[in-house]
Structures are given as C-alpha cells and as structure tokens.
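Everything numeric in this text was worked out from a predicted model, so none of it was measured. Residue numbers begin at 1 in each chain, while the letters A, B, ... track the order of the sequences.
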4 protein chains.
Amino acid sequence: MAKKTGEKFEAILDAAVKVIAQNGYHNSQVTKIAREARVADGTIYLYFENKDDILVSLFHTRMDEFATKVKQKIDLVDTPEEKLYQLIYMHFKIFALDHNLAIVTQIEIRQSNRRIRNDIGKSLKKYHRLIEELVEFGVQKGKFHDGIDVRLMRQMIFGILDETVSSWVMKDMKYDLLELVDPIYFLIANGIERKS
Amino acid sequence: MAKKTGEKFEAILDAAVKVIAQNGYHNSQVTKIAREARVADGTIYLYFENKDDILVSLFHTRMDEFATKVKQKIDLVDTPEEKLYQLIYMHFKIFALDHNLAIVTQIEIRQSNRRIRNDIGKSLKKYHRLIEELVEFGVQKGKFHDGIDVRLMRQMIFGILDETVSSWVMKDMKYDLLELVDPIYFLIANGIERKS
Amino acid sequence: MAKKTGEKFEAILDAAVKVIAQNGYHNSQVTKIAREARVADGTIYLYFENKDDILVSLFHTRMDEFATKVKQKIDLVDTPEEKLYQLIYMHFKIFALDHNLAIVTQIEIRQSNRRIRNDIGKSLKKYHRLIEELVEFGVQKGKFHDGIDVRLMRQMIFGILDETVSSWVMKDMKYDLLELVDPIYFLIANGIERKS
Amino acid sequence: MAKKTGEKFEAILDAAVKVIAQNGYHNSQVTKIAREARVADGTIYLYFENKDDILVSLFHTRMDEFATKVKQKIDLVDTPEEKLYQLIYMHFKIFALDHNLAIVTQIEIRQSNRRIRNDIGKSLKKYHRLIEELVEFGVQKGKFHDGIDVRLMRQMIFGILDETVSSWVMKDMKYDLLELVDPIYFLIANGIERKS
DNA sequence: TATGAATGAGGATTCATTCAT
DNA sequence: CATGAATGAATCCTCATTCAT
C-alpha cells in the first residue's frame, strides 16, 4: 500500500527529522510534519502506514546510511587498530555534522513506544554487525583479546560511543565531540588500568 | 503541597513500577496505578504534583537507593580494582534481582518527555559522582591511567554498564546478567587490545 | 487557526443557544453541543479555540445582530422620543421572539467566568454606543436634559431595560414583555415624580 | 443538621466574602475558605449543608443587613423625595465602604448556578419590598405618578442602581460612586425628558 | 464539636487517521 | 496521486463531600 520511495517520501522524512529535532517527539504532530514537508496530511498516508512507520522508516534509512558511511571509511584502512579509530571518528563525525540527526536519534526517538523501539533495534543490526566484524578481525589478527565474547566487546564499544554522543547532546552539543576521538580510542583500546 | 512520604507514597511508587513494567509507559494510566496501589485516583494527587511527578519521584528514589547500595558494597573493599569489580557486580546484581525495576529504568521511563528526562538525569548525578570518585581514587593510587579526563572515564564505564543492562532487558532477560561481570570487568580494566 | 465562519460555525452557535437554554450553563458539555449541532466533538475545535470561545462568539454575534436590528428600527423615525420608544420596543421584541436567546444572555451566560464576562462586556459596547448616540441626539435637539452625563443616562436606560428583561425571564416569561413598553417608556421619559 | 449560628458560622461567611472577592467565584474552593476561616474543611459542613449553602447564606445575611441599614436611614426622613434620595445614597454608600461585598454580590456570586440564583432572588425580596413601599408611599402622598405599576417602578429604580454599581465595579471602582447620587436621583425623579 | 486524609465522578481537549472530492 | 475537513476515542486532574478518629 504505502509507496516507500519518491521525492515526497524523502521530503517527509527530512521534514520529520527537522520537526522532531525542533519540537521534541511528543510535540511533533503529523500535521506539523506535513506542513514542513509541504504536503497535505493525507498524503503522508500514501507513503507511510501510520505515524510510527514514519519514525521507523526515518531511523532505518538514517542508520543504514550511517553504517554505510562508516563502513566505507574503515574499509580504507588495514589494521584493526586503524579501523577501530576510524569507526570512532566517523561515529562522532556524522553526528557532529548533523545536529538534528543527533538530537532525534539519541534523545527524541527513544521516547517512542515499545514496538517502535524494537524496530529501531533492528535498524541498528547492520551497524552492530559492522562493529562485530571489526572485533572479529582484530581477534583473528591477534591484536584484540581472544576468549572474550565478540558480542560483549561490540556492546562495550557501542555503549561507550552511544553514551558519549548522548551526553554531548544532553549538554546541548556545547563542546567539540571530535576532540573525544583520541581519548575514547585510548580507553577502548587500553582500558582504564595502568600496566606497570 | 504534595506530601512526598508515608505508606501510601511508597505504595503508589511500588504500584507504578509494577504497572509500567507490565503495561509500558504509554499504557500506564493514573487510574491503573491507583487501582494497583489500592487508593483512589485523587489520592495520587495528595502525594504527587502530577503524573510526571510520579515518574520523576520513582526514578529519583530508586536511583538514590541504587547508588546507596552500590556505595555500601564498594566501601567494604580497599583497592580501586576491587571497588571497580564490586561496582559492576552490584550494578548488575540489583537489576538481576528486580526485573521490573530494570524494565522501567532502562526502557520505559526513557519514553517520557524531555522535562522528565532532564529531571531523571539529575537523579543519576549521585551515581555518576560515585563512579567518578572511584576513578579518581584509582588514578591517585596509580592504578588507573592518569591524563585522561575523569568524566570521560566515568562516561565510558557507565555507558558500558548501561548498554549491557539495556541489551539484556531487550533480550527479555533470558540470560544471566551476572555472568557478564567478569568479562566486562576485564574489558573495562584492560581494554580490547592485547598487549604482547 | 479557528475558522470563525461557515455553515458549521453557525450550526454550533445555534446548538449552543439551544443546549444552554435547556440545560443551563454548567450542564452544557461540549459533547452535548456537538451532538445538537450534529458534528463531532473535535469539529467544535476547528471553529472555536475552546469552550469559552463558543460562549464569547455566541454573545458577540448575537449582540451584534441585536444592535443592528435595533439601529435599523430607530433609524426609521425622526424624533428622539420616537427613537427612544422604538429602542425599548425592539429591545423587548427581540427577546420576546427568542426565549432561548433571552435565557442565555440574561441568565446563563452571566455564570461564566470573569474573563468571559469581560469579553462579553466588549460585545455590548456597540449597543451601549447606540444608546449614547440616541441620548446625545436628544440632548442636542433640546428634548432631553442637558448637564447630565451621557454615559450615566445610557447606564440608566440600559439598566432599566436589562433588569426588566431579567425579571421577566426569572418569572419564566409568564407575562407579555411588550405590554411593558409603554409604561417603561413613560418612566424613562418622565421619571417617577409627578409634576404639579 | 447544619447549625446556622455561632462564631465559626460568621467566620466562615466572612472568609467566603474575602476569598471570593480575591479569587473569583470559580476559584474559591471550600478548602480555601476553610483555611481563611481557620477551620478544617469538615467543619464547614457542620454549619452549612453544602457549598451552595455558604453562598446562599452569605447573600441572605448580607442582603438582610443591607435592607435593614437602608430602612433605618430612610425612616429618619419624612417626604418620599427625601426617602428616595436616602435610598440611593445608602445603596451606593454601603458598597463604597465594602468593596469586597460589592465584588461578590455584583459580579462573582452571579456566576453561580440556577438554583443559587433563585435563592438569591429571594434574599432580595426584602429590599425589593422596601423600595415598593417607598414607591407606594410616594404615590399615596401624590408625589409620584400613579397609574403605573408599583412593581415596575421598583424594577426601574432597582435596575438603575444595580446597573450603576455593577458598572462601577467593572471599572475597578476607580471613581467615587457617591458622586453619582445626585444625578441618579435627578434621573429617577425627572426622567430624561426636558419639560418646556 | 472538630479534624483533614481520602474519595471518585465528571469533562475539555488533542490528534492520528479517513474518505469524499 | 493529492487534498484537508471531519472524526471520536481516550485521559489527567479537580474538588465537593465524607467519616474514622
């Protein structure tokens, strides 16, 4: 039914990011998004099943692009260490360049209901998998610890990056996120304990 | 105005955790919470300013208890490493013992609006500070890396723990969270890179 | 936002008069008005800001029409005395022909809150002004006493007419209001004192 | 059941006038009146049947006092003209001395429901009767027009006085009400028409 | 008499979705 | 394909009144 392509499809998604970033999730009515996208309310329903579908599609397309961009970058370097570094760099870089996206994905969209959050979880699969492949590569190359669950390592890496970005957004993006690339890389790589 | 103590105050908070865990945030009407607490709807408003206030109070009291319990435990051991280990252990332990609390704090309450989320952020201050003190102690004892921002270390540690618990809840708490204490401790302590 | 014209706008106002006259101000729920107007509850809010706005708009349109009708009539005669007589006649006539309007404007709408009553006051401005012009005309023609504040004369005339109609409504409109036109005219014109 | 006398009965009535004058009818909760009267909420119900009963009793006692004061004054003079003058003077004087009473009786209490307004009407009976007696006296003495309905004359006099006071209250009592005694007397006595 | 904590019925308003044009 | 007027279900909160103490 819902035609999930086309100029207006994109326009609606763009409008949704903008409206949600500006007004907050709970104050972003379909009418507001339609007005921002310069279409009629009813038109939304030619491209999306319902309001939730806008959010899920939004998150899905954006996270897909996100993972693609990160992958392109880490494919350009060879060692696990360099790939990890580029992952962190790109993760922060993308959000630093698109504040609205940061606000929406880190804060607002998490206010959605259980079902949406589940679907959103799926959208992260690709990115999670990317990190896991990086970890596997590092372990295989003998550069990362083996014997530790790969999923756990991925969770740790993702948890650190996600929390760091969320904190930055909550602090109104007042500081330069990219300055954290080096120290975060160091912590992920070396942990917090000092070796004598 | 709102009397934030007493038997019914506690009963309402307990009911709120239960109802929200079972029905989800957006399907937890005041009437439902009142019925579960065995009080009249209006009674809720003798103890809370409004519905949001229930959530904020809920998160605040629970997180305060949380931080207190963790602190009691880490005070019993001496070295930074042991304290870190106990922190992780207690963080997981508390949620492992109270699934409803885990669901509500990790998933449901995050669906609340911006203002609530802000107040909720404040409730975490005490716990954040606790972790920072632990980090400062470790640095001072020469056991943790110095030269790295303490807040950043705290963010990393909290981010890992939070993401781990969230993941576990999203996976319907099907596995034993406590089995992750050791490997997570290892990762936080040593990072992911293998030293030759 | 609220589109204050159109078929449904009128239908809602008509319904409001009927419902309020029948049920009393405090027992006239939006749902009741909507049902009487044969529209959905939500439709009300496409035409009115809120419930109060229905009342204010109701009073405003009706009083505007009221003043217009009265003006048309007194414009047809020439002397101040005839104009005054026609004013009294029309004031009573309009209410005598529309009992619901009388009930609503004289009794029910006065139960609304302070803000509404203020707005309602403004709606009477046009009618008040009409009476004042009549008085000024009479003074200028040398037919009415000069040296007395025009506003005061208007207040007196309006006060008499208003009280007379209110009394009639309170007595359940059991007698013929139009029979009072002559004696009221006489009293306003001559006062109560008998000149020897 | 309700004991309609005693120190607290009076205290509650006094509190009601004050609270309603300050907060408006619709924002004068029983709790607020109780607090102002320094009694418990429940105590109110030992002296009054229900909230409406407070208002009715309030209006009744105050209007009874009102009529008594006016009567005392007009009894001191002999001619109908002097009595009429004193009536106007006292009517304005009492409200000029008690602004809260003016606000409550002219504006706020009229927002109450149909039943209360009916009871309130009864409280005015005594005052209405007083005016009618004055009119009858004037007619009998040959000073006022005969042949005109006494009730109508009373209605006219009361309507003028009431409208004048209401207007004054609506204008925030910014001018001196007593300055209107003379011109209003003149208008009531002589009407608006100038005799050649 | 007096208290005040507890009750619970009642209603304005929002907003995702539909469907006639 | 596109429109936007119309729909109506769903819910938080207030406050007059009660009654155990």
Side-chain angles (χ1 to χ4, degrees), chain A residues 2-3 6-9 26-35 37-55, chain B residues 1-3 6-9 12 26-35 37-54, chain C residues 1 3 6-9 26-35 37-54, chain D residues 2-3 6-9 26-35 37-55:
Chain A
K3 181 173 165 291
E7 202 170 276
K8 297 202 172 171
F9 177 78
H26 286 291
N27 202 28
S28 295
Q29 296 80 357
V30 170
T31 295
K32 236 178 225 165
I33 295 172
R35 197 185 307 133
R38 296 176 181 283
V39 298
D41 291 19
T43 304
I44 300 266
Y45 292 86
L46 298 175
Y47 293 91
F48 300 89
E49 303 287 348
N50 49 43
K51 190 185 179 186
D52 284 359
D53 191 26
I54 305 178
L55 295 170
Chain B
M1 215 93 209
K3 182 172 164 286
E7 200 170 277
K8 300 210 166 159
F9 177 77
I12 293 164
H26 283 116
N27 201 29
S28 294
Q29 296 80 354
V30 170
T31 297
K32 235 178 228 166
I33 295 173
R35 197 183 308 133
R38 295 177 182 282
V39 298
D41 290 20
T43 304
I44 300 266
Y45 294 88
L46 296 177
Y47 294 91
F48 300 89
E49 304 286 348
N50 48 45
K51 192 185 178 188
D52 284 359
D53 191 28
I54 304 178
Chain C
M1 214 95 211
K3 182 172 164 289
E7 200 171 278
K8 299 211 166 159
F9 177 77
H26 283 114
N27 201 28
S28 294
Q29 295 81 354
V30 170
T31 296
K32 236 177 225 166
I33 296 172
R35 196 183 308 133
R38 296 178 181 282
V39 299
D41 290 18
T43 304
I44 299 266
Y45 293 88
L46 297 176
Y47 294 92
F48 301 89
E49 305 286 349
N50 48 46
K51 191 184 177 187
D52 283 359
D53 191 27
I54 303 178
Chain D
K3 181 175 165 294
E7 202 171 276
K8 296 202 172 172
F9 177 77
H26 285 291
N27 202 27
S28 294
Q29 295 80 359
V30 171
T31 295
K32 237 178 224 164
I33 295 172
R35 198 184 306 132
R38 296 179 180 280
V39 300
D41 292 18
T43 304
I44 299 266
Y45 292 86
L46 297 175
Y47 292 91
F48 300 89
E49 302 287 348
N50 48 43
K51 191 185 179 185
D52 284 359
D53 191 26
I54 303 177
L55 296 170

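- Residue-to-nucleotide proximity on DNA chain E shows that, of D/Val39 and B/Ile44, the 5′-proximal contact is made by D/Val39.
- Distance A/Asn50 CG to E/dA16 P: 11 Å, rounded to the nearest Å.
- Atom NE2 of B/His26 is separated from atom NE2 of A/His26 by 4.0 Å, given to the nearest 0.5 angstrom.
- The distance from atom CD of C/Glu49 to atom C1' of E/dT14 is 14 Å, rounded to the nearest whole Å.
- Ring pair D/Phe9/D/Tyr47 is tilted by interplanar angle, where 30° to 60° counts as tilted.
- Rounded to a whole Å, the CD1 atom of C/Ile54 is 9 Å from the P atom of E/dA12.
- No contact: A/Phe48 has no heavy atom under 4.0 Å from any strand.
- Of the two residues near DNA chain F, B/Asn27 and C/Arg38, the one whose nearest nucleotide lies more 5' is C/Arg38.
- Spacing between atom CZ of D/Phe9 and atom C1' of E/dT1 amounts to 17 Å, rounded to whole angstrom units.
- C/Val30 comes within 4.0 angstrom of a nucleotide base, judged by non-hydrogen atoms across all strands.
- Taking all atoms of both residues into account, the shortest heavy-atom contact from D/Asp53 to D/Phe48 is OD2-CA, 3.5 Å.
- C/Tyr47 has its OH atom 18 Å from the C1' atom of E/dT13, to the nearest Å.
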Checking side chain to side chain contact (heavy atoms under 4.5 Å, CB included) for the pair B/Ile33/B/Val30: CA distance, chi angles, key distance, verdict? CA-CA 5 Å; B/Ile33 295 173; B/Val30 170; 5.8 Å; no
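- In this structure, CD1 in B/Ile12 is found 4.5 Å from CD1 in B/Ile44, a value given to the nearest 0.5 Å.
- Put simply, chain C comes within 4.0 Å of DNA chain F, heavy atom to any atom, from F/dA6 to F/dG8, going 5' to 3'.
- When the nucleotides E/dA12, E/dT7, E/dT3 are ranked by their closest atom to the side chain of B/Leu46, E/dT7 comes out on top.
- Checking F/dG8 for Watson-Crick or G-U wobble geometry (two distances, each under 3.5 Å) identifies E/dC15 as its partner.
- Taking a pair to require two hydrogen-bonding distances under 3.5 Å in either a Watson-Crick or a G-U wobble arrangement, E/dA20 pairs with F/dT3.
- Going from atom CD of A/Gln29 over to atom P of E/dT13 covers 16 Å, rounded to whole Å.
- Atom CG of C/Asp41 is separated from atom C1' of E/dG10 by 14 Å (rounded to the nearest Å).
- Summarising the geometry of D/Ala34 relative to D/Asp41, their closest heavy-atom pair is CB-OD1, 3.5 Å, with the distance given to 0.1 Å.
- Listed by chain and residue number, C/Asn23, C/Gln29, C/Lys32 satisfy the side-chain contact (heavy atoms from CB on, under 4.5 Å) test with C/Asn27 (two or more places apart in sequence, or in another chain).
- Put simply, NZ on C/Lys32 is 11 Å from P on E/dG10, counting in whole angstrom units.
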